[in-house]
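What you see is a predicted model; the values in this text were computed from it and never measured. These numbers come from the heavy atoms of this one structure, side chains and all, not from hydrogens, waters or symmetry mates.
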Amino acid sequence: MTVFAADYAGASVRPSPNHGERAGGLKPDMIILHYTGMGTADGALSWLCREESQVSSHYFVHEDGRVVQLVPEGRRAWHAGKSSWAGETDINSCSIGIEIANPGHPGGLPDFPDKQIEAVAELCRDCGARWNIPPERVLGHSDVAPIRKVDPGENFPWEKLHAGGVGHWIDPTPISGGRFFQLGESGQPIEALQSMLSLYGYNIEITGIFCERTKGVVEAFQRHFRPQLVDGIADFSTIDTLHRLLKAMPKYS
């Protein structure tokens, strides 16, 4: 692919061949954040720009805050894979994908440098303003692909991003004792939990049975919104945090 003009003024351009048309006239209405999960930023960027990888993203953010654009925003980058959110299953066609250089779980979940997070926040603000993307649709790969994906990980500082004007966040309810729900349980409280997760956007079937899928979705929620403990158990902290997030969403308030 030939060099194109960057959509984001702060980005340099390094074209990836891995992209296509956005399906059905869809336009970006969400931003998906990833970590690279590789040992070096240069190696990850090179992989995203190689045809044989069959993966790409619109943007790549280095540890020092440098931003590189790989695919024009008008095109469909290949970053989300099999995923779903709020009933939409072609996430690649309706999203902007941002890869953040970080070794992630394979590298022991190192911290994301402040300069990098500041750059991600500025990039998200710019994309969000141009495409009118609401805060609650700035998500992690693990949100749209629970169980299958765990990035950008429980060490990603969503609260710092929110302080920079990006994303949906409330301080999680402190972890305490009390009733909790876990794998194998069933009943109306499980149905209510599944309904709330579905209402927020997670892909979960409302069955009233706390199955493996439910556990994985709870883990994905915790990884983003209650990262102090990611165990797939729906304790009071998890359920109350979810309830408060739903109340804070404009369309439900």
Side-chain angles (χ1 to χ4, degrees), residues 1-23 25-38 40-50 53 55-81 83 85 90-102 104 112-141 143-144 151-152 156-169:
M1 180 178 179
T2 57
V3 174
F4 55 89
D7 294 293
Y8 171 57
S12 61
V13 172
R14 180 173 174 179
S16 170
N18 304 321
H19 58 87
E21 296 284 345
R22 292 188 181 274
L26 292 174
K27 297 180 180 179
D29 65 4
M30 61 197 306
I31 296 171
I32 306 298
L33 303 183
H34 309 253
Y35 64 45
T36 55
M38 294 179 67
T40 68
D42 288 344
L45 181 57
S46 176
W47 181 242
L48 290 165
C49 293
R50 290 165 58 182
S53 75
V55 292
S56 63
S57 61
H58 292 94
Y59 293 99
F60 184 99
V61 183
H62 285 273
E63 292 98 329
D64 61 6
R66 287 177 293 131
V67 178
V68 182
Q69 185 168 4
L70 284 66
V71 175
E73 289 178 10
R75 301 285 289 173
R76 182 181 185 272
W78 304 341
H79 62 96
S83 50
W85 189 258
D90 187 357
I91 300 301
N92 281 339
S93 284
C94 65
S95 66
I96 291 172
I98 300 175
E99 286 278 357
I100 303 165
N102 185 282
F112 294 79
D114 287 341
K115 283 187 176 180
Q116 187 179 42
I117 295 304
E118 289 165 8
V120 171
E122 183 178 339
L123 174 59
C124 287
R125 287 194 298 268
D126 187 79
C127 293
R130 279 186 287 104
W131 293 102
N132 195 28
I133 297 172
E136 65 271 16
R137 289 179 72 86
V138 179
L139 300 161
H141 199 187
D143 292 310
V144 299
D151 58 307
F156 185 76
W158 290 102
E159 69 280 10
K160 286 186 180 179
L161 212 64
H162 183 257
V166 176
H168 193 211
W169 175 265

Pair Leu45-His62, side chain to side chain contact (heavy atoms under 4.5 Å, CB included): steps then yes or no:
CA-CA 9 Å; Leu45 181 57; His62 285 273; 4.0 Å; yes
Side chains of His79 and Ser95 in contact at under 4.5 Å (non-hydrogen atoms):
yes
Do the non-hydrogen side-chain atoms of Ser57 and Val71 ever get within less than 4.5 Å of each other?
no
Check whether the side chains of His141 and Ser83 place a donor and an acceptor atom closer than 3.5 Å, and report yes or no.
no
Hey, does Glu73 have a side-chain heavy atom less than 4.5 Å from the side chain of Trp131?
yes
Between His58 and Tyr8, does a side chain to side chain contact (heavy atoms under 4.5 Å, CB included) hold up when you go through it step by step?
CA-CA 10 Å; His58 292 94; Tyr8 171 57; over 6 Å; no
Heavy-atom closest pair (Ala6 atom, Gln69 atom, distance to 0.1 Å) is CA-OE1, 3.3 Å
Is the closest side-chain heavy-atom distance between Arg137 and Pro28 below 4.5 Å?
no
Close side-chain approach of His34 and Asn102, heavy atoms under 4.5 Å
no
Measuring only between side-chain heavy atoms, which start at C-beta, is Arg75 closer than 4.5 Å to Arg22?
no
Chi angles and distances behind the side chain to side chain contact (heavy atoms under 4.5 Å, CB included) call for Leu48, Ser53:
CA-CA 7 Å; Leu48 290 165; Ser53 75; 5.7 Å; no
On a heavy-atom basis, the closest approach of Cys127 and Ile133 is O-CD1, 4.2 Å
Before you tell me yes or no, could you show the steps for Val120 and Tyr59 under side chain to side chain contact (heavy atoms under 4.5 Å, CB included), namely the whole-Å CA-CA distance, both residues' side-chain angles and the distance that decides it to 0.1 Å?
CA-CA 10 Å; Val120 171; Tyr59 293 99; over 6 Å; no
For the residue pair Thr36 and Trp47, establish whether any side-chain heavy-atom pair is separated by less than 4.5 Å.
no
Side-chain touch Val144/Met30, heavy atoms, less than 4.5 angstrom
yes
Do the side chain of Asp143 and the main chain of Gly140 share a donor and acceptor less than 3.5 angstrom apart?
yes
If you look at every heavy atom in Asn92 and Trp78, which pair is closest and at what distance?
ND2-CA, 3.9 Å
